[in-house]
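What follows is a single structure, written as structure tokens, with notes after it.
Residue numbers begin at 1 in each chain, while the letters A, B, ... track the order of the sequences.
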Amino acid sequence: MQEKYLPSEIEHAAQARWTASQAYRASEASDRPKYYCLSMFPYPSGKLHMGHVRNYTIGDVLARYHALRGFNVMQPMGWDAFGLPAENAAIANNVPPAAWTYANIDHMRTQLQALGLAIDWSRELATCKPDYYRWEQWLFTRLFEKGVIYKKMATVNWDPVDQTVLANEQVIEGRGWRSGALVEKRDIPMYFFRITQYADELLSGLDTLPGWPERVKTMQSNWIGKSVGVRFAFPYQHDGKDEQLWVFTTRADTIMGVTFCAVAAEHPLAARAAESNSALAAFIAECKQGSVAEADMATMEKKGMDTGLTVTHPLTGEAIPVWIGNYVLMSYGDGAVMAVPAHDERDFGFAQKYGLPIKQVIDHVAIVDARKALATGKNGDQPLTSEDIEKLKNFLSTNKYSTDRWHDGYDTKLGICINSGKYDSLDYTAAVDAIAADLAALNLGEKKTQFRLRDWGISRQRYWGCPIPIIHCDACGDVPVPAEQLPVVLPEDVVPDGSGNPLNKRADFVNCACPKCGAPARRETDTMDTFVESSWYYARYACPDFDGGMLDARANKWLPVDQYIGGIEHAILHLLYARFFHKLMRDEGLVSSNEPFVNLLTQGMVIADTYYREDASGKKTWFNPADVELRDGVATCKTDGAPVIVGGTEKMSKSKNNGVDPQALIDLYGADTARLFTMFAAPPEQSLEWSDAGVEGAHRFLRRLWKAGYEHLQAGAVAAYTGGELSEATKTLRRQLHQTIQKVSDDIERRKQFNTAIAAVMELMNALAKLEGDDATTRSVRQEVLEAAAALLAPMVPHVAEALYAELRPGAVMIWPPVDATALVQDEIELMLQVNGKLRGQIRVAVSADKASIEAAALASESVQKYLEGQPPKKVVVVPGRLVNIVV
RNA sequence: GCCGGGAUGGCGGAAUCGGUAGACGCAGCGGAUUCAAAAUCCGCCGCUGGUAACAGUGUGGGGGUUCGAGUCCCCCUCCCGGCACCA
């Protein structure tokens, strides 16, 4: 055995051995229980970053642990290879996105392999390859024919200078990121997945996922946003014809408080009013500026303009003015809302700003009761005293509805109706029921379940994506590409220039024959949202080589995924789309399960400081932390020495250029150190603030581990302890060993918290270092501890653990150490003594001691006597195995 | 703005079911070893007062429940993630 710990030697040897023996090849033939362990596949951005290291090490720990526990493990890897960064790189460096992407994949594969992950590389896939996206196109055509995919208009960000559609990320403060031009909204036709048809199932399916974090399920549930409300109409006359303005509300109980309606700028009513009003037309044009992102819509200043038109309140017959509101979304519901300023904070602000009336129609139960009591002079049957009257008057005057300022609770659903005619004194449910019934009787509305979730628009006006398999024929319309003509192959020799989709300029791609009538036709040049590829890759890993269809029988052998690991930032979109796709594939008969991922671990983000410079136009250039020098709180760029601005600590990302390259870490200390540090620095679910400090410590521990093994083996390996008389020291160490085995198993398997598992093994090694003696029994215990420590650490640091284990037990197959229950037995335990909840001492008692004898021992102890001062205790709380609290 | 999280020593974090706050590691300080340094080993290490024993105080801020609160409840501040075209 080498005296020195030489990570690079150990790691190269181990990796060569694993490759040669195909150690991580997953087999469908095995009769052991399967464990499909999947980490979210990476976008091949160029280099591995710490987020990847963290993600894949977490997955690897779980995969290796289960393999040691006897499972038939599959852990695959692939590439989420389509996407915007490849086009940006193409524009910047004049290289085709395809070439850039493939080069990145090759580099990152090498980096991943250097991490020593237990991956079955024979299942590797890349979504930009025709043998992958072919089946995505095939499913698209199936769903198109079934009506699950349809076409409609949708609003996008339009850069009028670059003449291109912008991603939300590319809109910075309302301007295009490259041109700086004010961004406009533009309506274009797009294909949509009818995900709303599955909304109910996506919602109820969450209840079948106990292995998912509660917060993710809550977020998805809120995103789907099922709400029961009323859809109803305000009738009006136009050119002598009866027409209706439809709205949806979850607060039909406030309908008597409607003082105006607001419609989106794109609403037909708005367009009609603008025909004869140039100011209105100008306002509509202004509303069409800016990005389509909801966050922008929700934070911008709420503006509106009166259309001069009115509609009729369906229940009161009152004339209700119609306004255009820049915050009303055409794509949501009917593009119009009823406004009840008294009970909706947004409407309240709008009404205040434009001097519109505010009519209170809901009040708290307590206030209504107080008013009633004052009016009748009685509280229930009890006559009011003058003191009661005073109190009630006081209560009412301090809780008076104010139109000056919005107060929390004005939008409560727990109030009851007032100023609402026949609906007065009804509570929320009763009022909604009565109002819905009355509207239905008028044929002007009904109860409706509405979802916040919108259909999924997947058309992207970009080159580097999966071509949408549709052919446009003047005679036949939109025709799906027949299965035998698939895949529609994306040409890989294209270099985009930032002005629209270059596929439009490729006659060889665009021109084709209509599959139905044979006439000359045009191929669709939009590509699919890259979320589509990542919605089914987990299934394709089961059969990546199958060329007879999307999936074969192996899919049901492996699915559902037993453990899915990925960033919390994917809590809603990716995970919802993947769940949706699983149901689509199920309904196509491709998979038999209802949900794709049984257990989900949402890893926290790896965050790092950001640094940037801003030019005159406000455009920011981001600097990598590796290129920035911090001295006395001033940050400068290492290459030019000039200062850079310190931004916030944010998720490591391409756009902020704050990713830390783990390669340097691996080169210097080895993969095991990188893995150990990432697992030790924070629990998986928390965000991990990157810092170079601490890596040393992880490396030192591995050196100490190696040295402990080396020193023990100087006198030769022995058989691990199996029985016989033990000293106090060896007995204590064995108890700690078996407690550690229990803890590490529980930490990995149930708690999925690896930092504490590592800490426990560190403590064990610290204790081992203090064990003295070289007699046969002591050496056998030392052997037992070292063997176990190597196995317990193997999921985290597989290379060094295997190497050490091989020295300790040459030729043996590593197993997860079993717990020896007899080693855990303890005769005496220490109990804490508290007086009035404050720690005042401790006592040792027999494990078998009953409450009464513990209490007696506690009261007798000197540390308690001091505080009793001769008085009898008021109360004694005995918590078995923990403490005694004496109240005086 | 809306939805979901988070905040514990100088730093990363631990405390699993309401029961010893600060495990483990980093940094720091002291010592051993060394010609010297690195590495290694040993010890100390929340804050305040005290030579010490010890006492007080302490988990973002304010209030509450409890024999007992980092943990539960209410309110607030700040930070992070998502918001449908970054992935």
Identify whether any heavy atom of [X] sits under 4.0 Å from a base atom; if not, whether one sits that close to sugar-phosphate; answer base, sugar-phosphate or nothing.
X        : answer
A:Val171 : nothing
A:Lys743 : base
A:Ala571 : nothing
A:Trp223 : base
A:Leu453 : base
A:Arg840 : sugar-phosphate
A:Leu84  : sugar-phosphate
A:Tyr867 : sugar-phosphate
A:Glu830 : nothing
A:Lys874 : nothing
A:Arg750 : base
A:Phe531 : base
A:Arg462 : base
A:His570 : base

Item to check | Atom of A:Gln753, atom of A:Asn755 and distance for their closest heavy-atom approach | outcome: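 It is CG-OD1, 3.0 Å.
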Would you please confirm or rule out a distance under 4.0 Å between OP1 or OP2 of [N] and any side-chain N or O of [X]?
X        : N      : result
A:Arg751 : B:rA15 : yes
A:Gln753 : B:rA15 : yes
A:Asn755 : B:rA14 : yes
A:Asn168 : B:rA84 : yes

Checklist entry - Can you tell me the Watson-Crick or wobble partner of B:rG19, both distances under 3.5 angstrom? => result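 Partner of B:rG19: B:rC67.
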Next on the checklist: Partner lookup for B:rG4, please. Criteria are Watson-Crick or G-U wobble with both distances under 3.5 angstrom; report none if nothing qualifies.
Outcome noted: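 The answer is B:rC80, by the H-bond criterion.
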Checklist entry - Donor-acceptor pair, A:Trp79 side chain versus A:Tyr43 backbone, under 3.5 Å? => result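 Looks like no, no N/O pair under 3.5 Å.
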Checklist entry - With respect to the side chain of A:Lys838, which nucleotide from B:rA84, B:rA87, B:rU57 is positioned closest? => result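 The nucleotide sitting nearest to the side chain is B:rU57.
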Next on the checklist: Assess whether a salt bridge exists between A:Lys302 and A:Glu345, defined as any Lys/Arg side-chain N lying under 4.0 Å from an Asp/Glu carboxylate O.
Outcome noted: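 Here A:Lys302 does not pair with A:Glu345 in a salt bridge, since their nearest N and O are not under 4.0 Å apart.
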Checklist entry - Hey, is A:Glu301 close enough to A:Lys353 for a salt bridge, meaning N to O under 4.0 Å? => result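 Yes, charged N to carboxylate O under 4.0 Å.
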Item to check | Between B:rG1 and B:rA21 - P atom distance, rounded Å | outcome: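 B:rA21 and B:rG1 have their P atoms separated by 40 Å.
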Checklist entry - With rounding to whole Å, what would you report as the distance between B:rC86 and B:rG81 at their P atoms? => result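 Straight-line distance between the two P atoms is 15 Å.
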Checklist entry - Is a donor-acceptor contact shorter than 3.5 angstrom present between the side chain of A:Gln461 and the base of B:rC85? => result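 Indeed, a donor on one side and an acceptor on the other fall under 3.5 Å apart.
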Checklist entry - Looking at A:Tyr132 versus A:Trp536, is the centre-to-centre ring distance below 6.0 Å? => result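 Yes, the ring centres sit under 6.0 Å apart.
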